[in-house]
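Worksheet: one structure, shown below.
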Number of protein chains: 2
Amino acid sequence: MPDRDTPQARRGAASVLPAGPPGSDRAGLDQRRVLGSAVEFIDEHGLRELTMRRLGAHLGVEAMALYRYVPGREALLDGVVEVVVDELYGDPDVHLEATGGWQDYLQRLAHGLRRIALAHPEVFPLVATRPPAAPWVRPPLRSLRWIESFLRAMTSSGFSDDAAAAAYRAFSSFLLGYLLLEISGKGVETGPVDEPDVPATTDLAPYPTLRRLEPLLSQDRAAEDFELSLEALLERMELLLPPRRRPRRKS
Amino acid sequence: MPDRDTPQARRGAASVLPAGPPGSDRAGLDQRRVLGSAVEFIDEHGLRELTMRRLGAHLGVEAMALYRYVPGREALLDGVVEVVVDELYGDPDVHLEATGGWQDYLQRLAHGLRRIALAHPEVFPLVATRPPAAPWVRPPLRSLRWIESFLRAMTSSGFSDDAAAAAYRAFSSFLLGYLLLEISGKGVETGPVDEPDVPATTDLAPYPTLRRLEPLLSQDRAAEDFELSLEALLERMELLLPPRRRPRRKS
DNA sequence: ACCTGAACACCGTTCAAGT
DNA sequence: ACCTGAACACCGTTCAAGT
C-alpha cells in the first residue's frame with residue numbers, strides 16, 4: 001500500500017536495510033511486501049501486537065521465512081518507519097519545491113507529514129522515537145532527501161546557512177511535538193474494555209481549575225492549533241531572513 | 001533515588017498503581033523501591049534491557065516477587081513514568097507558583113522538565129509516548145497536580161479559560177517536541193559498537209546542501225534553541241491576554 | 001506475609017533439513 | 001532459491017508450595 005508510484009524511492013536515501021532478493025513481483029515474498037504488511041499490521045492491531053511470528057502468519061508463512069528479507073525485528077521496525085515516512089513521496093500536494101515560495105512549501109510539507117501521522121497513528125510514535133542514523137536527522141523529517149529538499153528551499157530563498165539550519169531545527173521540533181500530541185489525544189479511550197461499571201474517571205475534586213476547564217480541555221482543537229502555530233512559526237522564521245528580503249510587517 | 005522528600009507525592013495525583021503493601025522500610029521490597037530500581041535500571045542499561053526477570057535480579061530477588069508490588073510489566077512502566085515526572089516535586093527551582101508572574105513560573109517549569117529529560121534520557125521517550133490516562137493529559141506534563149498548577153497560574157494572571165487552555169496545549173507541544181529531539185540528538189552514536197573499519201557514515205554526495213551544512217547541523221544548539229523558542233512562545237502567549245493587561249511592546 | 005520453583009504459553013533467532 | 005521443523009535461550013505471568 002505505501003510507497004506507490006516511486007520506483008526507486010527507497011534507493012536514494014541510504015536505506016537502513018540490505019537489499020534482499022530482487023522483487024520477483026508475482027507470488028512469494030519480497031521486502032516491500034514484508035514491510036508493507038508490517039505497516040498494515042501495526043495500523044490494524046497496534047505496535048504491541050506485532051510479532052515476527054504473527055507477521056509471518058499475516059503473510060501466510062512461518063516467521064522464519066521473514067529473515068530472508070529483514071535481518072531481524074529491529075531492522076523491521078526501522079524499515080516500517082522508512083516506508084511510512086517515504087509515503088511523502090507519493091503525496092501530490094507536497095511536490096514541486098518552490099512554486100509558492102518557502103512559506104508555501106513548508107506549509108505543504110507540514111501538512112503532508114500531518115496526514116502521515118493521522119494515517120498511521122500507531123506507527124508515528126516509532127517515527128518519533130527510533131534512534132536516528134545521524135545526529136542531524138531529526139524526526140519526523142527522517143529522510144535525507146526531504147532534509148536536503150528543506151535546506152535547499154530555504155537557502156535558495158535567501159536564508160543564510162545558519163538561518164536554514166535553525167529553521168530546520170525549529171520546524172522539526174514543532175512537528176514532532178504537535179503531531180505526537182495530536183495522535184496521543186486521539187488514541188485515548190481505545191484499547192481493552194475494562195469494567196464498564198467503574199468509569200475509571202479520575203476524581204477531579206482536588207483540582208478545581210482543572211475540573212472547571214475540563215470540558216474546554218477535552219475539545220479537539222488540534223486542527224486549528226496546528227494551523228495557527230504553524231503560521232506563527234513561519235512568521236518567526238521570516239525574521240531570520242536578511243532585512244532586505246523581509247517584507248514590511250503590516251500592523 | 002527519585003521522589004525524594006515528598007512523602008505523599010504519589011498520593012495526590014491519582015496513581016496508576018494500586019497501593020501495594022505499606023513500606024516496611026527496612027529490609028524487603030516496597031513499591032517505591034521497585035519503581036526506583038526500575039528507573040535506575042533504565043537509566044543505566046536502557047529501556048530495551050528492562051525485563052521483569054532482570055529487574056528482579058537487580059533487586060536480589062526472583063522476578064515473581066515483583067508481582068506483589070506491581071500488577072505487571074505495563075503497570076511497571078506507567079509507574080516509572082510517574083516516578084520520573086514526580087521528580088518535579090523535588091525540584092526547589094520550580095516551586096512557588098507565582099512569585100515572578102506567569103512568565104517566570106512557566107520558565108521555571110520548562111527548565112525543570114528539561115532537567116528531568118536530560119537526567120533520564122532513556123526514560124523520556126516513555127514519558128512522551130505512554131498513552132495518557134485522559135485526553136487532556138498532555139505529556140510531558142503528565143501530573144494532575146502540575147496541570148492544575150499551570151492552569152491556575154494562568155487564569156489567576158488574567159488569562160481567560162480559553163486562553164489558559166490554549167497556552168497549556170502550546171506549552172506541552174513545545175516541550176514535548178523540543179525535549180524529545182534534544183535527547184534523541186544526544187543518544188546517537190551510543191549503543192552496540194559495530195565494525196569500526198566501516199564508519200557507517202552515509203554518503204552525502206547526492207545531497208549537496210546537506211553536505212555543505214553538515215558541520216553546522218552537527219553542532220549542539222539545544223540549549224540556546226530552547227531558551228529562544230521558549231522566549232518566543234511566552235511572547236506569543238502574552239498576546240492571549242486581554243489587551244488591558246498586556247504591556248505595550250517596545251519598538 | 002513474603003518469596004520461590006515449576007510450569008505455561010509465547011517470544012526472537014539459528015540452522016540443518018526439506019522441496 | 002525459498003521455506004520449514006526443530007531447537008535454544010529467553011520472555012511475562014500464574015499458582016501451588018515453601019518458610
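We name chains A, B, ... by the order of the sequence lines, and we start the count at 1 in each one. Note: hydrogens, waters and symmetry copies are ignored here, and every other heavy atom, side chains too, is used.
- Going from atom CD of A/Glu62 over to atom C1' of C/dT19 covers 15 Å, rounded to whole Å.
- Between the CG atom of A/Asp30 and the C1' atom of D/dC3 there is a distance of 15 Å, rounded to whole Å.
- Remark: the B/Glu122 side chain and the B/His45 side chain contain no N/O donor-acceptor pair separated by less than 3.5 Å.
- For DNA chain D, each stem of at least three Watson-Crick or G-U pairs (distances under 3.5 Å) is given as range with range: C:4-8 with D:12-16, C:12-16 with D:4-8.
- A cation-pi contact links B/Arg145 to B/Tyr89, judged by a cut-off of 6.0 Å to the six-membered ring centre and 45° from its axis.
- With respect to the salt-bridge test (charged N to carboxylate O, under 4.0 angstrom), the residues B/Glu74 and A/Arg48 qualify.
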Between the protein and nucleotides 13-15 of chain D, list the N/O to N/O atom pairs that are separated by less than 3.5 angstrom.
unit_1, atom_1, unit_2, atom_2, d
D/dT13, OP2, B/Tyr67, OH, 2.9
D/dT13, OP2, B/Arg73, N, 2.8
D/dT13, O5', B/Tyr67, OH, 3.4

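- One atom, CG of A/Leu66, and another, C1' of D/dT4, lie 12 Å apart when rounded to the nearest Å.
- Of the candidates C/dC11, D/dT4, C/dC2, the closest approach to any side-chain atom of B/Tyr69 belongs to C/dC2.
- Rounding to whole angstrom units, CD of residue A/Glu49 and P of C/dG12 are separated by 12 Å.
- D/dG12 atom P lies 12 Å from atom CZ of B/Arg48, rounded to whole Å.
- The separation between A/Arg68 atom CZ and C/dT19 atom P is 17 Å, rounded to whole Å.
- Between B/Glu182 and B/Arg114 there is a salt bridge, since at least one side-chain N of the basic residue sits less than 4.0 Å from a carboxylate O of the acidic one.
- Atom-to-atom, CG of B/Leu59 to C1' of C/dC3 comes out at 13 Å; the value is rounded to the nearest Å.
- A 4.5 Å side-chain heavy-atom check between A/Leu217 and B/Leu151 finds at least one atom pair inside the cut-off.
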Derivation and outcome, side chain to side chain contact (heavy atoms under 4.5 Å, CB included), residues A/Arg53 and A/Glu62: CA-CA 7 Å; A/Arg53 295 171 129 105; A/Glu62 299 299 313; over 6 Å; no

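- The shortest distance between the side-chain N/O atoms of A/Arg54 and the OP1/OP2 oxygens of C/dC10 is not below 4.0 Å.
- Looking at B/Asp91 and B/Arg108, no side-chain N of the basic residue comes within less than 4.0 Å of a carboxylate O on the acidic one, giving no salt bridge.
- Between A/Arg169 and B/Asp225 there is a salt bridge, with a side-chain nitrogen of the basic residue lying less than 4.0 Å from a carboxylate oxygen of the acidic one.
- Of the side-chain N and O atoms in A/Thr51, one or more sit less than 4.0 angstrom from OP1 or OP2 of C/dG12.
- Side-chain contact of B/Arg130 with A/Ser184: a donor-acceptor pair under 3.5 Å is absent, judged by distance alone.
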